[in-house]
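Both ligands and their constituent atoms are indexed starting at 1 by order of listing.
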Amino acid sequence: MTSSTVPHASAIDNADVEAAYARWAPVYDLTFALVMRPGRVAAAAAASRPGGRVLDVGVGTGLELPMFDPATRLTGVDLSRPMLARARERVKTQALVNVEGLVVMDAMRLAFADATFDAVVAPYVLTVVPDPQASLDEWARVVKPGGEIVLVNHVGAERGSLAGIEAWLGRRSAKLGWHPQFPFAVIADWIAGQPNMTLIERRPLAPFGLFTLTRIAKAAV
Ligand SMILES: C[S@@+](CC[C@H](N)C(=O)[O-])C[C@H]1O[C@@H](n2cnc3c(N)ncnc32)[C@H](O)[C@@H]1O
């Protein structure tokens, strides 16, 4: 099966991501804390596993960390040191004792053994990573059988003026550090190619259905 790709996008690589988020880090919370809050709340609710281990990939400044059930043992990874520095500060000031580690790591090449986590959660990350399908492969590898991958991201408009704006922005993906145009088919095609992964929920989120919660279950055996 051929997988869907992101249309009209200029390629993003890890160096683009690091450069973009070094720029975003000082103003990230101010810019994105409120508008993307409903997605983080929904992702944390779906991925919380009291007593279990959850991996937050692309944890950024850690805005979602206080939203998990406090008995969930969290590990966060991110490519961007300036973003992670803010997450570490948050863990300290809010005394988030359930956060077991915040590590610089590539979401597409995780240094964890197979089946380490009860869930992997990625709020607002799949449209940012250079290779979404390779990332999903890796996240599926580290989830235990019976576990879940929980995603929140913007799914691109398919028609209308918003689609035109997103296509224009898409040609500037590398500079922005994310793909504004991101068809759901990227996720759906990946799931279709995985015999042990099933879509269990796809739900539009506030504000205005701009973001989508996607839950993917890994078969128990
Ligand atoms: C839009 S931010 C989301 C941060 C956080 N999850 C939130 O909800 O605010 C995307 C994050 O993904 C990280 N990221 C992008 N590509 C990555 C990769 N290949 N490996 C690890 N982190 C990556 C970026 O550095 C950035 O911190």
- Any V77 heavy atom less than 4.0 Å to ligand 1: no
- Item | Steps toward salt bridge (Lys or Arg N to Asp or Glu O under 4.0 Å) verdict (D118, K218) | CA-CA 10 Å; D118 297 284; K218 184 170 178 175; over 6 Å; no
- Message: As a check for students: among G58, A122, G76, identify the option with a heavy atom nearest to atom 5 (C) of ligand 1.
- Response: G58
- Message: I need the nearest protein heavy-atom contact for atom 8 (O) of ligand 1: residue, atom name and distance, please.
- Response: R40 NE, 2.8 Å
- atom 14 (N) of ligand 1 has as its nearest protein heavy atom V17 CG1, 3.9 Å
- Report yes if the side chains of H154 and T212 come closer than 4.5 Å at any heavy-atom pair, otherwise no. no
- Result for ring pair (Phe, Tyr, Trp, His ring centres under 6.0 Å) between F211 and one of F184, F182, Y124 points to Y124
- Task: Look at atom 22 (N) of ligand 1 and say which protein heavy atom is nearest, naming residue and atom and giving the distance to 0.1 Å.
- Result: L79 N, 3.2 Å
- Note on the structure: Scanning both residues in full, the closest heavy-atom pair of A47 with V150 reads CB-CG2, 4.0 Å
- Please name the pair of heavy atoms, one in M83 and one in A25, separated by the smallest distance, quoted to 0.1 Å. SD-CA, 3.6 Å
- Message: Heavy atoms only, cut-off 4.0 Å: how does D56 contact ligand 1, side chain, backbone, both, or neither?
- Response: neither
- For ligand 1, which atoms, with element, lie under 4.0 Å from some heavy atom of N14? 19 (N)
- For atom 10 (C) of ligand 1, grab the closest protein heavy atom and report residue, atom and distance to one decimal in Å. Y124 O, 3.5 Å
- Query: Looking only at heavy atoms, is any part of E18 under 4.0 Å from ligand 1, and if so is it the side chain, the backbone, or both, or is it neither?
  - Reply: neither
- Within 4.0 Å of some non-hydrogen atom of V128, the atoms of ligand 1 are 15 (C)
- Tell me which protein heavy atom sits closest to atom 20 (N) of ligand 1, plus the residue, atom name and distance to 0.1 Å. A107 N, 2.7 Å
- Message: Could you tell me if the side chain of L55 sits less than 4.5 Å from the side chain of L110, heavy atoms only?
- Response: yes
- Item | Selected option - heavy-atom contact closest to atom 2 (S) of ligand 1, from Y28, W24, F32 | Y28
- Query: Backbone or side chain, does any N or O of D106 fall under 3.5 Å from an N or O of ligand 1?
  - Reply: yes
- Query: Has ligand 1 got any nitrogen or oxygen that is less than 3.5 angstrom from a nitrogen or oxygen of M83?
  - Reply: no
- ligand 1 atoms nearer than 4.0 angstrom to some heavy atom of M105 are 20 (N), 21 (C)
- Note on the structure: Value for CG (L63) from CZ (R86), rounded to nearest 0.5 Å, stands at 10.5 Å
- Do ligand 1 and D78 have nitrogen or oxygen atoms that lie under 3.5 Å from each other? yes
- Can you find an N or O of Y21 that's nearer than 3.5 Å to an N or O of ligand 1? no
- May I ask you to decide if V99's main-chain N or O and R73's side chain share a donor-acceptor pair within less than 3.5 Å? no
- Message: Can you give me the closest heavy-atom contact between P132 and V186, atom names plus distance?
- Response: CB-CG1, 3.9 Å
- How long is the span from the CG atom in D13 to the CD atom in E18, to the nearest 0.5 Å? 9.5 Å
- Message: Could you tell me if T127 and N153 have a donor-acceptor pair between their side chains, going purely by distance under 3.5 Å?
- Response: no
- Please determine if P123 has a nitrogen or oxygen closer than 3.5 Å to a nitrogen or oxygen of ligand 1. yes
- Message: For W24 and F32, I'd like to know if the aromatic rings sit close, meaning centre-to-centre distance below 6.0 Å.
- Response: yes
- Pull out every atom of ligand 1 sitting under 4.0 Å from any heavy atom of G60, numbered as shown with elements. 4 (C), 27 (O)
